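Protein chains get the first letters and strands the later ones, always in sequence-line order, with residue 1 at the start of each. Just so it is clear, the model here is predicted, and its values are computed rather than measured.
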Protein chains: 2
Amino acid sequence: MLSFTEENYLKAIYHLAEGGAKPVLTNELAEAMQTKAASVTDMIKKLSAKELINYERYYGVKITSRGKTQALQIIRKHRLWETFLVEKLGFTWDEVHEVAEQLEHIQSSRLIDKLDEYLGFPKTDPHGDPIPDQHGKLKSMPQVALDQLKPGSKGIICSVKDSDPELLKYLDKIGAKPGKKIEVVNREAYDESVEIIIEKKKLFVSKEVSKNILLLVKL
Amino acid sequence: MLSFTEENYLKAIYHLAEGGAKPVLTNELAEAMQTKAASVTDMIKKLSAKELINYERYYGVKITSRGKTQALQIIRKHRLWETFLVEKLGFTWDEVHEVAEQLEHIQSSRLIDKLDEYLGFPKTDPHGDPIPDQHGKLKSMPQVALDQLKPGSKGIICSVKDSDPELLKYLDKIGAKPGKKIEVVNREAYDESVEIIIEKKKLFVSKEVSKNILLLVKL
DNA sequence: TTAAAATTTTAGATTAGTCTAAAAAATATT
DNA sequence: AATATTTTTTAGACTAATCTAAAATTTTAA
């Protein structure tokens, strides 16, 4: 059984690992966890001893398949709770993250399966992110960030990074919700801001914002 | 802000205090918290410093009104979550305690008020215990345990102590649910077991069990 | 390719919560 | 009332998670 803190580290490592080609660095993790590198080194030794990650000194860590499964169980809980908060309790999607960060650590597989059933086995959370199944399996759908897209291409918003409530409020205001179609009209060369069309409305978003909007794109 | 552990101690003190006339003793608390007296002494010093209890060496602790309010906030959360688990997720009432012990520590007043609303502002939880309001106020209704009742008296089950799942399953089986009418027929002198009638069925329950069934009695 | 800079790890300390063993105080018993 | 017993507190140690400061290693750059 992992502690609250171990779970948070593992989840952060999973998210930072992305594809898993490059190792996750100590400083990256310290930044993500709002802590110091020395603390990170201690913790990754513990997670490594539990074989949830592979750790090589001065190189970084890679998540093992056992670690990935565990991380996805936590992410499953996080996303199911976010769905509950929005669908049932009437939270807005920018309010849910902080509370879900707490709820994701509740230990009861019976609870989470009942919740899943109660919500009608949703496939994605309110941000459009896929919800892993009981075994920590994820239906893979490759997502591309808006800042990677060439002018002329179209996509459907499938996910928005949920860490910053201010950003989420802004995206809500401009109508950038999961499911919405988006078209890239142009990209300013000097600041990499993007001109897009959402629901027939022309909008400009900064590079910073465009990095946080993830799309499903037909190739 | 109280820690997880501080909250658990405070709640235990509140429950052990009953009327509040006698002080809660160190060993009682150690028993309730499944820990050692030395640990209890350390913790009550902390809670005392926060003025949630009054502590007198070698005498015991009494909960302050601030402490009572805080404890009732936690109890409010516990009972609302229990209600949610039974009403919405289809848990049986003997399954909810353990999970509610975790959920009661989630910090978000917005969450708990929304949950309250979603459940239709319930007045009691599935065990029949009253749910305190946002300000930690409890609608007082004096409860009498079945082992205190004289033969011939009648009452309505309003609450059942929820700590032991085995007991709850047993009570469920014999039909001893909150709201059910109960009549005391006789009490065996030698072992203090009680003969009762619930829904026209005659039953015997041991003294041990009768202590855990709380009743509303017309005086 | 060697020195400078950045990153990472180790060493040692700190805090919260716990423990055991011993000391202190209160209660019970003769 | 003096002693024995029980209860409670203190002292000192342990673990998990954190920190600062210093040492080790890797990377960058001159």
Report the distance from atom [atom1] of [X] to atom [atom2] of [N], rounded to the nearest whole Å.
X       : N      : atom1 : atom2 : result
B/Leu29 : C/dT18 : CG    : P     : 12 Å
A/Asn27 : D/dT25 : CG    : C1'   : 14 Å
B/Met43 : C/dT15 : CE    : C1'   : 12 Å

For [N] and [X] - does any side-chain N or O of the residue sit under 4.0 Å from the phosphate oxygens OP1/OP2?
X       : N      : answer
A/Thr41 : C/dT9  : yes
B/Arg57 : D/dT10 : yes
B/Tyr9  : C/dA16 : no
A/Lys36 : D/dT18 : no
B/Tyr55 : D/dT8  : no
A/Thr5  : D/dA16 : no

Practice prompt. Please indicate whether A/Lys177 has more than 12 foreign heavy atoms, meaning atoms of other residues, nucleotides or ligands, lying under 6.0 Å from its NZ.
Written response: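 No.
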
Worksheet item: In terms of heavy-atom contacts, does CD of B/Glu51 have more than 12 from other residues, nucleotides or ligands at under 6.0 Å?
Response: no

Practice prompt. Give B/Ser39 one of three labels, base, sugar-phosphate or nothing, depending on what nucleic acid heavy atoms sit under 4.0 Å from its own.
Written response: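 The answer is base, as B/Ser39 lies within the cut-off (heavy atoms under 4.0 Å) of a base atom.
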
Worksheet item: Which part of the nucleic acid, if any, lies within reach of B/Phe4 when heavy atoms closer than 4.0 Å are counted: base, sugar-phosphate only, or nothing?
Response: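 No contact.
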
Item to complete: Could you walk me through whether B/His97 and B/His127 pass the ring pair (Phe, Tyr, Trp, His ring centres under 6.0 Å) test, one step at a time?
Response: CA-CA 10 Å; B/His97 187 72; B/His127 304 96; 7.4 Å; no

Fill in: Candidate nucleotides D/dT25, C/dT18, D/dC19, ranked by approach to the side chain of A/Tyr58 - the nearest
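Within the option list, the nearest is D/dT25.
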
